[in-house]
Amino acid sequence: MRMGDMVRRTGVSERLLRYYEEQGLLTPSRQPSGYRVYSEADVVTVRRIRGLLAAGLTTAVIARVLPCLEGDGAHMVPVCPDLVAELRGERARITSAIDELRAARDVLDAVIAAGPRG
């Protein structure tokens, strides 16, 4: 399928599809004219990428873990032995960021509470 069809199938813009390709996350084939040609497997790959981005992973991390996943974007299964350990590390990183954001919110809540009501 061509770029326009891929955009319609995935809901991802042309710009993002090209970015995923630049990052090595997506490798569509090319026609002699240079047009990209996407497969059904590419649709699944984009769904996986979107799911992993929504989970808070960077594209650099996604590039490492993507080859070790099976399934679609909603239900992915790790198939490489070391992947679960790496994902646990990413989860710890995200948990730490959440903790920092909560602490920042608590400071703002205290400043807001100390100010005049209005």
Side-chain angles (χ1 to χ4, degrees):
M1 77 188 81
R2 301 264 301 267
M3 176 78 77
D5 295 324
M6 186 67 161
V7 168
R8 282 186 287 283
R9 292 279 309 276
T10 63
V12 172
S13 70
E14 290 183 16
R15 183 171 171 240
L16 270 179
L17 291 172
R18 285 192 289 277
Y19 176 74
Y20 295 162
E21 188 176 350
E22 289 170 11
Q23 297 301 306
L25 303 175
L26 192 61
T27 52
S29 60
R30 297 279 186 148
Q31 292 180 332
S33 61
Y35 286 111
R36 291 167 178 86
V37 178
Y38 297 95
S39 68
E40 288 300 317
D42 292 326
V43 173
V44 172
T45 298
V46 169
R47 289 182 182 145
R48 287 179 188 155
I49 293 166
R50 300 302 296 166
L52 294 168
L53 286 168
L57 300 184
T58 65
T59 55
V61 172
I62 292 171
R64 288 194 312 270
V65 304
L66 200 56
C68 291
L69 292 173
E70 290 182 353
D72 61 20
H75 181 75
M76 292 179 271
V77 177
V79 294
C80 298
D82 297 335
L83 179 58
V84 172
E86 182 166 1
L87 292 177
R88 282 190 178 120
E90 286 301 313
R91 185 182 188 285
R93 179 190 61 78
I94 291 168
T95 298
S96 176
I98 290 168
D99 292 344
E100 290 173 14
L101 285 169
R102 283 187 177 140
R105 183 184 61 193
D106 291 347
V107 169
L108 283 177
D109 286 348
V111 171
I112 291 167
R117 305 271 180 211

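The figures here come from the full heavy-atom set of this structure, side chains too, leaving out hydrogens, waters and symmetry mates.
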### Query
Please walk me through it: do E40 and R9 pass side-chain contact (heavy atoms from CB on, under 4.5 Å)?
CA-CA 10 Å; E40 288 300 317; R9 292 279 309 276; 2.8 Å; yes
Can you find a heavy atom in the side chain of [X] that is under 4.5 Å from one in the side chain of [Y]?
X: V43; Y: M1; answer: yes
X: E21; Y: R36; answer: yes
X: L52; Y: T59; answer: no

### Task
Check salt bridge (charged side-chain N to carboxylate O under 4.0 Å, His left out) between E22 and all other residues, then give those that pass, not counting sequence neighbours.
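Partners of E22 by the salt bridge (charged side-chain N to carboxylate O under 4.0 Å, His left out) criterion come out as none, since no residue qualifies.
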### disulfide (SG to SG under 2.5 Å) pairs, two or more places apart, involving residues 77-106
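Found C68-C80.
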### Message
Filter on disulfide (SG to SG under 2.5 Å), then keep only pairs touching residues 17-62, sequence neighbours left out; what's left?
### Response
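Listed once each, the pairs would be none.
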Exercise answer: donor-acceptor pairs, residues 13-20 side-chain atoms, under 3.5 Å, sequence neighbours excluded:
| residue | atom | partner | partner atom | Å |
| --- | --- | --- | --- | --- |
| S13 | OG | L16 | N | 3.1 |
| Y20 | OH | R50 | NH1 | 2.6 |

### Task
State which residues pass side-chain hydrogen bond (donor to acceptor under 3.5 Å, both in side chains) with R2; sequence neighbours excluded, sorted by chain then number.
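R2 satisfies side-chain hydrogen bond (donor to acceptor under 3.5 Å, both in side chains) with no other residue.
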#### Entry: Any residue meeting side-chain hydrogen bond (donor to acceptor under 3.5 Å, both in side chains) with S39, in chain and number order, not counting sequence neighbours
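If we apply the side-chain hydrogen bond (donor to acceptor under 3.5 Å, both in side chains) test to S39, skipping adjacent residues, the hits are D42.
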### Task
Only pairs at least two apart or in different chains count here, so list each salt bridge (charged side-chain N to carboxylate O under 4.0 Å, His left out) that has a residue in residues 100-111.
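Qualifying pairs, neighbours excluded: none.
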### Pairs touching residues 89-99 that satisfy side chain to side chain donor-acceptor pair (under 3.5 Å), sequence neighbours left out
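Every pair satisfying side chain to side chain donor-acceptor pair (under 3.5 Å) with a residue in residues 89-99: E90-R93.
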Under the side chain to side chain contact (heavy atoms under 4.5 Å, CB included) test, which residues partner [X], sequence neighbours left out?
X: V79; answer: E70
X: S29; answer: V37
X: T45; answer: L26, I49, L66

### Task
Of all the heavy-atom pairs spanning Q23 and A63, show the shortest one and how long it is.
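Heavy atoms only, the tightest pair is O-CB, 4.4 Å.
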Name the atoms and distances for all side-chain donor-acceptor pairs under 3.5 Å in residues 81-89, with sequence neighbours left out.
| residue | atom | partner | partner atom | Å |
| --- | --- | --- | --- | --- |
| E86 | OE2 | R64 | NE | 2.8 |
| E86 | OE2 | R64 | NH2 | 2.6 |

#### Entry: N/O donor-acceptor pair under 3.5 Å between R48 side chain and G71 backbone
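Yes, R48 side chain to G71 backbone: donor-acceptor pair under 3.5 Å.
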